[in-house]
2 protein chains.
Amino acid sequence: MKTYTIKDVAHLSGVSVRTVSRVINNDPHVKAETREKVLKVIAETGFEANLLAKSLREKRTNTLIAFVDQHRGQFWGAFHNEMLQEMMKEARRSGYRMVISSSSADSYTEDENDGFYLLKHGMADGAVMFDTKEKDKRVEYLRSKKVPFVILGKDRDHFDTSYVDLDNVYAGYLAAQYLVSKGRKHILFMLGNRDYIVNQERAEGIRRYLAENPDPGRQARIEYDVGNIEQAYSRTKEALAGTPRPDAIFISGDERAIGVYRAVYEQNLRIPDQVAVLGIDKIAMGAFYHPPITTIDQQIPAMAQTALRILFQQLDGSGQNGMRTLIAPSICERQSV
Amino acid sequence: MKTYTIKDVAHLSGVSVRTVSRVINNDPHVKAETREKVLKVIAETGFEANLLAKSLREKRTNTLIAFVDQHRGQFWGAFHNEMLQEMMKEARRSGYRMVISSSSADSYTEDENDGFYLLKHGMADGAVMFDTKEKDKRVEYLRSKKVPFVILGKDRDHFDTSYVDLDNVYAGYLAAQYLVSKGRKHILFMLGNRDYIVNQERAEGIRRYLAENPDPGRQARIEYDVGNIEQAYSRTKEALAGTPRPDAIFISGDERAIGVYRAVYEQNLRIPDQVAVLGIDKIAMGAFYHPPITTIDQQIPAMAQTALRILFQQLDGSGQNGMRTLIAPSICERQSV
DNA sequence: CTGAAAGCGCTTACAG
DNA sequence: CTGAAAGCGCTTACAG
């Protein structure tokens, strides 16, 4: 099937290209009769305006891009999925299309197939950056080129970038406070990689609570590098074999908690009686663990909406630089603590 | 920061636009010295060729788009994620960028923000279609416009479309066979919505095995509309309350199996001793359930690669229409049966 | 090895 | 209410 251009439609309906452009853009200054005529031809030909040409001319694509990292061969998980879903809804409501692409802080420069290439080369108007690193070159780039973007997470390298993040210090604080308030004495806090700001902050919050509320009968320990389900499993297994055996485990990420659960059950221990498990994220799936996992709510919908609104403001020029929003976490009580 | 065009670079380096175009496209017919000069200016200016213009001119974007449906407010899950990951790797290897977008069979026509809009309007060269429906208008559209695409799943409406699918009849057959071979007598098969071909086929395979191997002492039942974790949970709960109590459950989708596990454990039953659970998909997470779930392997990497290769052939014109590949499922034995 | 010019398919002042 | 023409930023025969 031939693919028609605006020119074809113009010829076929006996008007100028300018007029066709008017009708496809809903310009009111077209005689009803003319509009009909053109619309008819469009319907018959199946004409669709070429977005490449339109965007090139208008210098905007009306599409946003969200970058997610394929962490070391692993993929984004349920948390990212839920966040992305909310963002897509929000984008749609505001007349933007949103597309997801993978991009990694490390490989973007050389790799033409890293999704970041699309943004650098003008295929999107703005970006949501997940999984940024410290001194992330992509952030540097977007900043210097004045491309609208918002970070999901924290940026300590600049003052003028915008981000939305959970208050992770508070999240750590809450985690410690909650577990202690439930009478737990031997608490293991399992966090991801130490290089990520999020984990540093959670550790800080945990330490702060512990320091503020000393208890000689308590033992608490922070472990890093628990970066996926498998590690959550093996590290929990090790921990449960030690003495004293932890009676509570905080695990960074509800999804990874699956590994914790398995290790606990393999020792024939019960959750929460013998070992309490506290997660964070509040992904939907967590409500169906056995038992449903008590977790720290990241307020995924609020985070997503806030991030996109900041981005929209940058896009229409009404936003200021360096808008930073910290979302307050809260405990979602279920049955694992 | 000013954004430079090829024209700026040409002026700045004292050559023509044509020559700049040559160096950015690695045309060998450029004097080394000239190339140096141009490259230097490019580095200094931070020039990046505009992809919109390039694509408009070349009539190809070098990007592929994968469409995933947000099923009724739910999002795609771990299975989709793993499939998408494999596809992105494969695309990258072959010099394509790949982007993910949400699109639904129902809303794509009216909705400018449905991702399908991008493809219709020329922002990608080809598509991978997840979650198509029967009489899917999008498939109709792509077919008539001769846009390269491949379906992940089945298409019964045409002969000339290409797809890659698991042999779902065989998968159902295998599920029944395996569970029966393990001596299970009261088997519950939980499938998703009856309107999806995949579920019809799995049911067919199950029935075929059962019919071929009659056993008066056996009771087997197929239930539909178990479409998410929550339903898997509640329907399992109901089933376990009935008599005779199932001693084996096949659940369509490892992720949904989480709900099955929970319901089983809440009745203080043991897996697999009292209730065997067989999943399908072989998502990574399943290896960390308690116990690790025995599942039907969908061969995700093979499926993804096959799909993309078919798409590549269509893109370079070497492919024929109607390439259909059926992947053979196999049992991945772990500890839940 | 290099360049002038046309053209990809749109939109947009500017005229009328 | 409608149109002729320039221009968005590239690539590509065609010449030389």
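In what follows, chains carry the letters A, B, and so on, assigned in the order in which the sequence lines appear, proteins first and then strands, with residues in each chain numbered from 1. These numbers come from a predicted model, not from an experiment.
Contact check, Lys54(B) against dT11(D): a side-chain N or O comes under 4.0 Å of OP1 or OP2. Side-chain nitrogen and oxygen atoms of Lys59(A) include none within less than 4.0 Å of the OP1 or OP2 phosphate oxygen of dG7(D). Using a 4.0 Å cut-off, some side-chain N or O of Ser21(A) falls inside it from OP1 or OP2 of dT11(C).
Listed for the Glu140(A) side chain is no donor-acceptor partner under 3.5 Å among the backbone atoms of Lys135(A). A side-chain donor-acceptor contact under 3.5 Å links Arg97(B) to the backbone of Thr61(B). Between the side chain of Lys145(A) and the backbone N or O of Gly46(B), at least one donor-acceptor pair lies under 3.5 Å.
Put simply, CD1 on Ile24(A) is 13 Å from P on dG9(C), counting in whole angstrom units. When rounded to the nearest whole Å, the span between CD of Glu48(B) and P of dC10(D) equals 10 Å. In this structure, the CG atom of Leu52(B) is 10 Å from the P atom of dC10(D), given to the nearest Å. Atom-to-atom, OH of Tyr4(B) to C1' of dC10(D) comes out at 19 Å; the value is rounded to the nearest Å. The distance between atom NE2 of His29(A) and atom C1' of dG3(D), rounded to the nearest whole Å, is 15 Å. Remark: C1' of dC14(D) and CG of Asp27(B) are 15 Å apart, rounded to the nearest angstrom. Protein atom CG of Leu51(A) is 10 Å distant from nucleotide atom P of dC10(C), rounded to whole Å. Rounded to whole angstrom, the span from the CZ atom of Arg60(B) across to the P atom of dG9(C) amounts to 16 Å.
To the nearest 0.5 Å, atom CG of residue Asp316(A) and atom CG of residue Leu311(A) are 10.0 Å apart.
Residue Val17(B) places its side chain closer to dT11(D) than to any other of dT2(C), dT11(D), dA13(D). Of the listed nucleotides (dT12(D), dC1(C), dT11(C)), dC1(C) has the atom at the smallest distance from the side chain of Thr34(B). Of all nucleotides listed (dT12(D), dC10(C), dT12(C)), dT12(D) comes nearest to the side chain of Glu58(B). Of the candidates dT11(C), dG9(D), dC1(D), the closest approach to any side-chain atom of Asn25(A) belongs to dT11(C).
Contact annotation for Thr5(A): backbone-only contact, meaning every heavy-atom pair under 4.0 Å involves sugar-phosphate atoms and none involves a base. Nucleic acid contact for Thr19(B): sugar-phosphate only, since backbone atoms but no base atoms lie under 4.0 Å from a heavy atom of the residue. Residue contacts shown for Ser55(A) are absent, as no nucleic acid heavy atom lies under 4.0 Å away. Heavy atoms of Val15(A) sit under 4.0 angstrom from primed sugar atoms or phosphate atoms, though from no base atom. Using a 4.0 Å heavy-atom criterion, one finds that Glu33(A) contacts no nucleic acid atom at all.
Judged by closest nucleotide on DNA chain D, Arg22(A) is the one of Ala53(A) and Arg22(A) placed further toward the 5' end.
His29(B) approaches Arg22(B) most closely through the heavy-atom pair O-CD, 4.0 Å.
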Please walk me through it: do Ile24(B) and Ile6(B) pass side chain to side chain contact (heavy atoms under 4.5 Å, CB included)?
CA-CA 10 Å; Ile24(B) 60 185; Ile6(B) 194 174; 4.3 Å; yes

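A donor and an acceptor atom sit less than 3.5 Å apart, one in the side chain of Arg57(B) and one in the base of dG7(C).
Base pairing of dC14(D): its partner is dG3(C), meeting the Watson-Crick or G-U wobble criterion (both donor-acceptor distances under 3.5 Å).
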